[in-house]
Amino acid sequence: MAITMQVLKLLIQCKCARSMGFPSGQFSRVDNFSTSGQWRARKKVSQYSTVDTERYSSLVRAVLSSKTSSQTPASIEDEDCQLYGPVIRSRPPSQQPKVPKNLHPLLNEAKGQSEYVPGPLARITLQRDSNTTSPSVTRILQKTMPPDQAFYLERWKRRMIAELGEEGFKEYTLNIFRQGQLFHSAIEDHFTQETPSKEDPERPLEVSGFVESASHVLNDITGVRAIESALHHSTLQYVGIVDCIAQYRGSLCVIEWKTSEKPKPLLRHTYDNPLQVAAYIGALNSDNNYNYQVQNGLIVVAYKDGSPAHAHFLNSQQIKPFWEKWLLRLEEYAEK
């Protein structure tokens, strides 16, 4: 009776299989079924079963540890190092900084720091004759301008010509030059008049903003010794005209006044101005017309809209690298 019941169960299962669409040939053998009546499909083999899970376990844990990614640039770099090994970075070729062939000293040991004595301001006129071939500081800097700086200057010039035209650009540059001259004259008047007046009706309106911009710096300047005075380096044979020599917050400085339409809050925004100041300091210390020497520099950038001027002070240590760069530019000019 038990055998009959087992056969009956098998027949019922075969009938159910045909009703589900399976071919009858697949169930021709009784041993295809277990006595429990459960049918199991053959398990598929995963394509990831051969992956070295131990090697990638840290990466899997990092991905599955939270719903949101906790990866950072540093963690990604660490994971790449685990998977592919450390990154081998090539070292850039070492470039030795250029050193002047003749490292002429900036200071003059024969001169000392003389105390300020009130008196007439020095205003030495630059002597030019047929026998004098010494180039000016401005000319040397223009002729040895770095290629990238020359590129940006030329691009600016072309853009301005496209906007203003050839004649308009000429008029624009003349106005800029005229504004600079008027600003220097206004600064000179400020230091030379005995009783400065609050209102100056003769001052052109176009420079009033520059003077207002530099007013807070003017308040820190005392003991003026020279204004618009010529300098000559007796050994290196170059000349220049310094804007001002005075005390700025207690330090004797070579001072240069600059005007700008754009803010220049950082020293690097002044391009070659620090080299110009260093050149003037070296020339003054070498020039026997001045019985003292200077170690510091000051670049004052004033703005037409009256916003506070930026004052870039250079002490004796900060000026030395610019003095060496100036010597390199001087050598480059001599080679041309």
Side-chain angles (χ1 to χ4, degrees), residues 106-108 110-141 177-197 200 202-204 207 210-211 214-215 217-259 273 276-302 309 311 314 319:
L106 174 67
L107 303 180
N108 186 350
K111 291 184 178 181
Q113 293 286 345
S114 64
E115 295 294 330
Y116 170 69
V117 178
L121 301 181
R123 196 192 304 267
I124 301 173
T125 305
L126 184 63
Q127 301 295 328
R128 289 283 192 181
D129 54 44
S130 58
N131 297 325
T132 303
T133 57
S134 299
S136 67
V137 172
T138 304
R139 178 177 176 80
I140 294 170
L141 291 176
F177 181 72
R178 180 172 176 271
Q179 285 180 2
Q181 286 185 319
L182 292 174
F183 175 57
H184 280 71
S185 297
I187 296 296
E188 183 178 342
D189 293 341
H190 173 83
F191 290 128
T192 54
Q193 57 186 347
E194 295 181 359
T195 55
S197 58
D200 188 357
E202 297 182 357
R203 181 180 298 166
V207 298
F210 292 119
V211 177
S215 60
V217 181
L218 296 176
N219 294 332
D220 292 329
I221 294 178
T222 58
V224 181
R225 302 190 183 193
I227 289 181
E228 298 293 332
S229 191
L231 306 168
H232 176 243
H233 200 295
S234 57
T235 304
L236 300 178
Q237 293 299 312
Y238 65 84
V239 296
I241 299 178
V242 65
D243 287 347
C244 182
I245 302 172
Q247 298 273 347
Y248 173 72
R249 296 180 178 178
S251 299
L252 186 60
C253 298
V254 162
I255 303 175
E256 280 296 299
W257 307 100
K258 303 296 180 182
T259 60
N273 293 159
Q276 181 184 15
V277 170
Y280 288 163
I281 292 175
L284 184 146
N285 293 339
S286 172
D287 197 327
N288 292 327
N289 290 313
Y290 304 89
N291 62 356
Y292 54 89
Q293 66 176 341
V294 179
Q295 301 185 34
N296 311 298
L298 179 68
I299 302 169
V300 182
V301 186
L314 297 165
I319 208 70

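In what follows, every heavy atom counts, from backbone to side chain, and hydrogens, waters and symmetry copies are set aside.
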Between [atom1] of [X] and [atom2] of [Y], what distance do you get to the nearest 0.5 Å?
X: Ile221; Y: Phe191; atom1: CD1; atom2: CZ; result: 4.5 Å
X: Ile245; Y: Leu298; atom1: CD1; atom2: CG; result: 13.0 Å
X: Ser185; Y: Ile227; atom1: OG; atom2: CD1; result: 10.5 Å
X: Gln295; Y: Leu106; atom1: CD; atom2: CG; result: 8.0 Å

Within the 3.5 Å criterion, strictly below it, is a donor on Gln247 or Thr222 matched to an acceptor on the partner's side chain?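 The answer is no; no qualifying pair exists.
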Just so I know, are the side chains of [X] and [Y] near enough to count as touching, which here means a heavy-atom distance under 4.5 Å?
X: Ile241; Y: Thr138; value: no
X: Arg225; Y: Tyr290; value: no
X: Tyr248; Y: Asn296; value: no
X: Ser234; Y: Asn288; value: no

Where is the tightest heavy-atom contact between Val224 and Ala246, given as atom of each residue plus distance?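 Nearest pair, atom of Val224 first, then Ala246: CA-CB, 3.6 Å.
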Using only atom types and a distance under 3.5 Å, with no angle test, would you say the side chain of Ser229 pairs donor to acceptor with the backbone of Ile124?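 Yes, Ser229 side chain to Ile124 backbone: donor-acceptor pair under 3.5 Å.
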Does Ser286 reach the main-chain N or O of Gly282 with its side chain, forming a donor-acceptor pair under 3.5 Å?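 Answer holds: no.
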All side-chain contact (heavy atoms from CB on, under 4.5 Å) counterparts of Asn108, not counting sequence neighbours: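 Per chain and number, Asn108 pairs via side-chain contact (heavy atoms from CB on, under 4.5 Å) with Ala110, Lys111, Asn285, Gln293.
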Partners meeting side-chain contact (heavy atoms from CB on, under 4.5 Å) with Arg249 (sequence neighbours left out):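 Partners of Arg249 by the side-chain contact (heavy atoms from CB on, under 4.5 Å) criterion, ordered by chain and then number, come out as Asp220.
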Might you work through the side chain to side chain contact (heavy atoms under 4.5 Å, CB included) test for Leu218 and Ile187, ending with a clear yes or no? CA-CA 9 Å; Leu218 296 176; Ile187 296 296; 3.9 Å; yes
Scan the side chains in residues 250-259 for donor-acceptor partners under 3.5 Å anywhere in the protein, sequence neighbours excluded, and list what turns up.
{"from": "Glu256", "atom 1": "OE2", "to": "Asp243", "atom 2": "N", "distance (Å)": "3.1"}
{"from": "Lys258", "atom 1": "NZ", "to": "Gln276", "atom 2": "OE1", "distance (Å)": "3.0"}

Report the C-alpha distance between Arg123 and Thr192 in whole Å, list the side-chain angles of each, state the deciding distance to 0.1 Å, and finish with yes or no for side chain to side chain contact (heavy atoms under 4.5 Å, CB included). CA-CA 12 Å; Arg123 196 192 304 267; Thr192 54; 4.0 Å; yes
Residues which pass ring pair (Phe, Tyr, Trp, His ring centres under 6.0 Å) with Tyr238, listed by chain and number, not counting sequence neighbours: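 Scan of Tyr238 (ring pair (Phe, Tyr, Trp, His ring centres under 6.0 Å), adjacent residues dropped) gives His233, Trp326.
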Which residues share a ring pair (Phe, Tyr, Trp, His ring centres under 6.0 Å) with Tyr280, sequence neighbours left out: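 Result, ring pair (Phe, Tyr, Trp, His ring centres under 6.0 Å) vs Tyr280: none returned.
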Test of understanding: with salt bridge (charged side-chain N to carboxylate O under 4.0 Å, His left out), list the residues that count as partners of Arg139, not counting sequence neighbours.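 Arg139 satisfies salt bridge (charged side-chain N to carboxylate O under 4.0 Å, His left out) with no residue once adjacent residues are dropped.
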